[in-house]
Amino acid sequence: MCGIVGYVGPKEAAPILLQGLKRLEYRGYDSAGIALVNGGTRLQVVKKPGKIVALEEALSSIKAKGTCGIAHTRWATHGAPTEPNAHPHTSAAGDIALVHNGIVENAQTLRAHLRDHGFEFLSETDTETIVHLVDHLWDDGMGLEDAVAAALARVEGTYGIAVVSARDPQKIVVARRGSPLLIGVGAQGEMLAGSDATAVVAHTRDVVYLNDGDYAVLTPDGYRTFHLDHGEVRRSVERVTWDVGAIEKGGYPHFMLKEIFEQPSSLRDVMRGRLLEENGDARLGGIAAHQFDLGRVRRIVITACGTSWHAGLVGEYMLEELARMPVDVEYASEFRYRSPVLEEGTLALAISQSGETADTLAALREARQRGATTMGVVNVVGSAIARDTDFGVYLHAGPEIGVASTKAFTSQMVALALFTLHMGRRRHLSVVQGKEMVEALRRLPDQVEEVLGLNDQVRALAEEYADCGNFLYLGRGYQFPVALEGALKLKEVSYIHAEGYPAAEMKHGPIALIDDDMPVVFLAPRDQVYQKVLSNIEEVNARGGRIIAVVSDGDTELKSKVDHVIRVPQTIPCLLPVLTTVPLQLLAYHMAVLRGADVDQPRNLAKSVTVE
Ligand code: G6P
């Protein structure tokens, strides 16, 4: 969703800001804008609907100048993606500019109040209220930061903001509540700001994550951090461990393909240092450091959205089977507005790649308020969910740029397998079973590598099926969530209508749809329900459906019963989802490319959904 970049220092700001915006493109946006402090009494502001190149062209035609500025990519919520609604928003005199991620919940009240004081509104956005408020409250003798702090004291809702002003030039004020904002501490008088480390990492790896309620002042001399209620505070500098190569395509035509192919290494990374071969156990530092007694957990409630919710379903099956732990998996958006029953001993486990998803964060807070202990399975270090949970497990998958999640999903499943193993060993799992699981986990990255060798076969299949308008994905047990994820992936990137279903439920409805124009993808590796899936395959066959089956290596039974087989290596059932997911990712990718879709930034989707 929306992205923020800021720069103040000795260089021309515009190229740096544009580069930062491009790094944030993956989050999804529909307009972009920039404000530069250029020595005049008005700021230079350029905004454009559409892609960043439109903004870039507009900037070059007016020869924009200035060494301090802010920029934004907007994903429309209040008001259509038009030029007036694009950020930055400015004060009436054009001397204050502000960019904002989040939602001002009392925008209506503020608007009315400001109108009474003669302020005119040029956009339909909630954001514009903040900039007029800053203007309204900026008394003589105040610095920009004082006016911003005064305004924020009256704003309800969530924000990550960056503000500049011609009245107090060479200064950026940033603030956060609920939406991420970080400072990049550059060398030689350069300071940056970003809603995401990818925006600043080309210039510095030293970042300061702001906490909710913090604001900060950035000048070429350095930065100072404050809390709205507690005055000046110290926030430590952290080092981003991945480098800029991780957010470039590295020879791949799309980030999605790159990230699919990165899975052997992202899976090694999620397991690095965590497998205890001798004890058949997993070491999870984030939990150990908290010294939480897992023996107190009686029930786990997993909350997540989208692909992460699918990983949660796989986690449920694992934790029930191997740790004998009662688990519920909830859509975060539903959970947060119900009145969930959370008894003593409940662990609320939030799964999120970005660590920013508004619904997941809110569900977590709701669970905590009802007395649950909270845990996160998160990829983005320092993100809101990572910081808001009692403890957690990082995925260490590196930045995921493709909007449709791929490598994060497989890492989430493996992180949950590690957690299951650890939990299981505290409960019912014997050392022998534990060792078996450790061994299977250890082999997994190489097996994924093998599956990636099927890329050409899957591309050929995609060519055969690219014209189909509908797809059905079916699986049972551990493969049911994989069916859901396969269908979601196809929908997201190729815009083909697809549904995932438990294979046996098919006969209670979707079977009516089966004909030769509705290909069915069966997940049928060798596991506890293999024979049952065979019967479901027969049901589709009997109705003339075309079938692609993902099967285990060495399967001889299915070849004659289906149109195509995709063979994946064999492993223990709880880890098979990792292997069967990969060909479905490739299938979705190739179908999308063949249909000319924007694979990395599918229409209407955003990478981090920071609004509910
Ligand atoms: C968005 C993304 C999905 C993602 C979901 C949850 O909808 O497009 O790919 O699965 O959010 O995101 P999270 O960052 O919480 O895993």
Side-chain angles (χ1 to χ4, degrees), residues 1-3 24-29 75 77 101 178-180 195-196 198 255-256 259-260 266 270 302-315 329-336 348-365 374-389 392-395 397-413 415-416 481-482 484-495 500 581 584-585 588-589 592 597-612:
M1 281 196 160
C2 310
L24 295 174
E25 269 192 305
Y26 75 95
R27 296 169 62 95
Y29 70 102
W75 191 85
T77 51
N101 292 352
S179 289
S195 51
D196 177 324
T198 52
F255 282 111
M256 183 178 176
E259 286 156 7
I260 292 173
S266 52
V270 68
I302 298 179
T303 63
C305 304
T307 289
S308 298
W309 184 78
H310 296 157
L313 284 182
V314 176
V329 187
E330 306 270 359
Y331 283 115
S333 53
E334 288 297 313
F335 179 84
R336 64 180 289 195
L349 195 165
I351 306 175
S352 174
Q353 186 288 128
S354 63
E356 280 179 32
T357 305
D359 283 323
T360 309
L361 190 58
L364 195 73
R365 289 179 176 160
T374 59
M375 170 175 164
V377 172
V378 171
N379 192 33
V380 177
V381 175
S383 55
I385 294 174
R387 291 145 73 87
D388 233 50
T389 36
V393 179
Y394 274 124
L395 301 180
E400 188 180 67
I401 309 289
V403 166
S405 185
T406 52
K407 65 174 179 175
F409 178 60
T410 47
S411 291
Q412 285 166 343
M413 290 190 286
L416 290 165
V482 179
L484 294 179
E485 175 60 10
L488 178 66
K489 220 66 334 177
L490 191 70
K491 272 186 273 216
E492 282 178 313
V493 296
S494 75
Y495 316 144
T581 291
L584 305 191
Q585 296 171 338
Y589 170 77
D598 187 348
V599 181
D600 286 332
Q601 289 165 41
R603 66 183 181 208
N604 308 337
L605 296 183
K607 183 70 182 158
S608 310
V609 179
T610 49
V611 294
E612 61 171 287

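Start at 1 and go down the list; that is how both ligands and their atoms are numbered.
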Requested in this report: Classify the ring geometry between Y331 and W309 as parallel (under 30°), tilted (30 to 60°) or perpendicular (over 60°).
Outcome: parallel
Report summary line: Protein neighbours of ligand 1 with a heavy atom under 4.0 Å, given by chain and number, are C305, G306, T307, S308, S352, Q353, S354, T357, V403, S405, E492, A606, K607, V609
**Report entry** Candidate list Q353, E259, E485, E400, test side-chain hydrogen bond (donor to acceptor under 3.5 Å, both in side chains), partner S405, passing option
**Finding:** E400
Query raised in the report: Would a 4.5 Å heavy-atom cut-off, applied to side chains only, mark S308 and T360 as touching?
Result: no
**Report entry** Close side-chain approach of D359 to V609, heavy-atom, < 4.5 Å
**Finding:** no
Query raised in the report: Only one of V270, L349, I302 clears side-chain contact (heavy atoms from CB on, under 4.5 Å) with V377; which?
Result: L349
Requested in this report: For Y589, check ring-ring contact (aromatic ring centres under 6.0 Å, His included) against everything at least two apart and list the hits.
Outcome: H254
